[in-house]
Amino acid sequence: MKVGSGKGRKTCLTVTIIFIAIVLLILILAFTVFKAKHPVNTVDSVKLQNFDINLDIAKLKVDLNVTLDVNVSVENPNKVGFDYSNTTAHLNYRGQLIGEVPIIAGHISSGGTKGFNLTLTVMADRLLSNSQLYSDIISGTLPLNTFVTIKGKVTIFGFIKVHVVSSASCDLAVNTSNRTVANQLCQYKTKL
Ligand SMILES: *[C@@H]1O[C@H](CO)[C@@H](O)[C@H](O)[C@H]1NC(C)=O
Ligand SMILES: *[C@@H]1O[C@H](CO)[C@@H](O)[C@H](O)[C@H]1NC(C)=O
Ligand SMILES: *[C@@H]1O[C@H](CO)[C@@H](O)[C@H](O)[C@H]1NC(C)=O
Ligand SMILES: *[C@@H]1O[C@H](CO)[C@@H](O)[C@H](O)[C@H]1NC(C)=O
Ligand SMILES: *[C@@H]1O[C@H](CO)[C@@H](O)[C@H](O)[C@H]1NC(C)=O
Ligand SMILES: *[C@@H]1O[C@H](CO)[C@@H](O)[C@H](O)[C@H]1NC(C)=O
């Protein structure tokens with residue numbers, strides 16, 4: 001048996017070169033056009049749906065019911081679909097978690113944007129234990145923070161899975177006399 005005739009070697013070389021070229025092309029595409037990008041997570045609006053306050057001046061006690069409508073949109077800038085996992089939107093007051101709402105896992109198609117209407121309700125019992133609440137209510141401004149992280153993966157060419165993440169943290173001040181959200185300041189991050 002003749003090992004590697006001239007013709008056979010040539011074919012083998014051609015196949016190898018084509019194979020390397022295809023691998024290079026996939027790699028180049030994976031790092032350019034299809035390079036995984038983090039989703040863009042934007043808080044479009046925050047509205048007070050319900051704001052009931054009951055000041056018991058004698059007992060220095062506050063009874064508070066707050067419901068916020070938070071409108072979040074998540075944009076997928078990738079050339080492929082984006083699958084996000086279950087997550088939770090948080091409502092914080094002076095560093096304390098006082099409300100949360102789940103966001104169920106889903107899919108956003110290439111270049112698409114998905115909107116979420118989140119209803120965040122304050123868990124009053126958690127708020128009541130905060131000693132600063134009374135003075136904040138008296139001062140007329142309630143500082144709140146909403147925090148949403150979207151985590152998930154994009155799958156390039158059906159087998160390269162890249163994890164991406166983005167989070168939005170918004171500080172807002174609720175004016176307790178006219179019951180509106182003033183001073184909404186959001187920070188966006190693509191790292192945890
Ligand atoms: C808050 O809601 C609870 C139950 O829904 C109710 O009992 C309470 O009176 C409400 N407080 C105010 C200030 O509206
Ligand atoms: C996501 O949440 C849904 C509804 O709560 C649940 O059925 C599902 O199992 C969760 N998925 C994961 C991966 O935890
Ligand atoms: C909430 O966001 C959606 C898009 O996701 C938009 O169509 C709608 O007008 C927004 N609603 C409010 C109240 O801002
Ligand atoms: C969010 O609410 C607005 C109006 O309040 C509505 O137009 C929009 O379709 C809703 N979006 C989703 C994703 O439910
Ligand atoms: C809250 O709103 C009222 C009415 O618009 C205004 O007079 C007051 O100055 C506001 N308070 C704060 C802390 O901005
Ligand atoms: C409520 O108060 C805020 C802060 O003073 C102000 O920016 C806003 O225009 C007021 N809204 C209404 C409806 O009076």
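Order of appearance sets the numbers: ligands from 1, and atoms from 1 within every ligand. Note that these values count all heavy atoms, side chains included, but never hydrogens, waters or copies made by symmetry.
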Report task. Would you mind running through ligand 5 and noting each atom that sits below 4.0 Å from a heavy atom of N175? Result -> 1 (C), 2 (O), 3 (C), 8 (C), 10 (C), 11 (N), 12 (C), 14 (O)
**Report entry** Heavy atom of protein inside 4.0 Å of atom 13 (C) of ligand 2, strictly below
**Finding:** no
Query raised in the report: Is V43 reachable from V40 through a run of I, L, V, M, F, W or Y residues, each pair having side-chain heavy atoms under 4.5 Å apart?
Result: no
Requested in this report: Do me a favour and list the nearest non-hydrogen protein atom to atom 5 (O) of ligand 2 with residue, atom name and distance?
Outcome: I104 CD1, 3.9 Å
**Report entry** Protein non-hydrogen atom found under 4.0 Å from atom 9 (O) of ligand 2
**Finding:** no
Report task. Would you check whether A182 reaches within less than 4.0 Å of ligand 5, judged by its heavy atoms? Result -> no
Report summary line: Here the gap from L172 atom CG to T141 atom OG1, rounded to the nearest 0.5 Å, amounts to 12.0 Å
Query raised in the report: Does atom NZ of K79 have more than 12 heavy-atom neighbours, drawn from other residues, nucleotides or ligands, at distances under 6.0 Å?
Result: no
Report task. Would you give the length of the straight line joining atom CG of N145 to atom CG of L91, rounded to the nearest 0.5 angstrom? Result -> 8.0 Å
Report task. Check ligand 5 against T141 and write out every atom of the ligand that is under 4.0 Å from a heavy-atom position of the residue. Result -> 13 (C)
**Report entry** atom 6 (C) of ligand 2: the protein heavy-atom neighbour that sits closest, reported with distance to 0.1 Å
**Finding:** N86 ND2, 4.2 Å
Query raised in the report: Got an N/O contact under 3.5 Å between S139 and ligand 5?
Result: no
Requested in this report: Would you mind telling me which of K114, K153, K151 makes a side-chain hydrogen bond (donor to acceptor under 3.5 Å, both in side chains) with Y84?
Outcome: K114
Query raised in the report: Which of these passes side chain to side chain contact (heavy atoms under 4.5 Å, CB included) with V162: V80, N78, I156, T155?
Result: I156
Report summary line: For S177, the atoms of ligand 5 under 4.0 Å from one of its heavy atoms are 1 (C), 2 (O), 3 (C)
**Report entry** From CD1 (I98) to CG (L144), nearest 0.5 Å
**Finding:** 5.5 Å
